[in-house]
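Notes follow once the structure below has been shown.
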Amino acid sequence: MEYQVAFPEDFDEFDWSEIEDKGWLDGVRISWDGNSYTVSFFDEIRLSQAVVVDIERLGYFSARNVVVVRRVARDEINHTVSVMADRGFADILNVD
């Protein structure tokens with residue numbers, strides 16, 4: 001399946017290093033077959049921190065189009081999207 005991944009900005013290596021350290025990247029656009037979704041990528045540590053903060057602040061945690069990866073790096077995101085494409089993007093499609 002053909003698809004495109006668009007990152008929110010043109011990051012240089014320093015920016016990607018900071019993103020990987022931060023463990024979180026918002027605004028990654030994945031497009032295929034006329035579909036387009038904006039996805040957030042988290043590593044598991046950062047996601048758990050976000051969950052705790054939201055629960056303390058709001059009393060709950062909710063997220064749409066969140067993908068958890070080992071590390072938030074360009075190669076890891078591209079690999080993950082490739083695996084998702086092999087599965088027909090079933091992980092992020094809104095299927096009722």
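When a residue number appears, it is its place in the shown sequence, counting from 1. Keep in mind that this is a model prediction, so the values were computed, not measured.
- R74 has a carboxylate O that lies under 4.0 Å from a charged side-chain N of E13, or vice versa, which qualifies the two as a salt bridge.
- Its side chain outside the 4.5 Å cluster rule for every partner, I45 clusters with none of the Ile, Leu, Val, Met, Phe, Trp and Tyr residues.
- Nearest heavy-atom pair across D33 and M1 is OD2-CE, 4.0 Å.
- Considering every non-hydrogen atom in both D12 and D15, the closest pair reads OD1-N, 2.8 Å.
- With respect to V39, the side chain to side chain contact (heavy atoms under 4.5 Å, CB included) criterion is satisfied by exactly one of V5, I30, L25: I30.
- Around CD of E44, the count of heavy atoms belonging to other residues, nucleotides or ligands within 6.0 Å does not exceed 12.
- For R29, the CZ atom sits in a packed shell: over 12 heavy atoms of surrounding residues, nucleotides or ligands are nearer than 6.0 Å.
- D54 meets the salt bridge (charged side-chain N to carboxylate O under 4.0 Å, His left out) test with R57; sequence neighbours excluded.
- S17 is listed as a side-chain neighbour of D21, based on a closest heavy-atom distance under 4.5 Å.
- Under the 4.5 Å side-chain heavy-atom criterion for Ile, Leu, Val, Met, Phe, Trp and Tyr, V53 and F41 are members of distinct hydrophobic clusters.
- Here the NZ atom belonging to K22 is positioned 8.0 Å from the CZ atom belonging to R46, to the nearest 0.5 angstrom.
- A heavy-atom distance below 4.5 Å is not found between the side chains of T38 and V28.
- Remark: E18 pairs with no residue by the salt bridge (charged side-chain N to carboxylate O under 4.0 Å, His left out) rule, at least two apart or across chains.
- Of all heavy-atom pairs between S31 and S36, the closest is OG-OG, 3.1 Å.
- Grouped with V66 in one hydrophobic cluster are W24, F42, L47, V51, I55, F61, V68, the linkage being side-chain heavy-atom contacts under 4.5 Å among Ile, Leu, Val, Met, Phe, Trp and Tyr residues.
- Residues forming a side chain to side chain donor-acceptor pair (under 3.5 Å) with S40 (at least two apart in sequence, or on another chain): D26.
- Taking the six-membered ring for Trp and thresholds of 30 and 60 degrees, W16 and F7 have ring planes more than 60 degrees apart, a perpendicular arrangement.
- A 4.5 Å side-chain heavy-atom check between Y3 and V81 finds at least one atom pair inside the cut-off.
- Side-chain contact between V67 and M84: present, with at least one pair of heavy atoms (C-beta onward) separated by less than 4.5 Å.
- With sequence neighbours excluded, the residues satisfying salt bridge (charged side-chain N to carboxylate O under 4.0 Å, His left out) with D75 are R71.
- When all heavy atoms of D43 and E20 are compared, the closest pair comes out as OD2-O, 4.3 Å.
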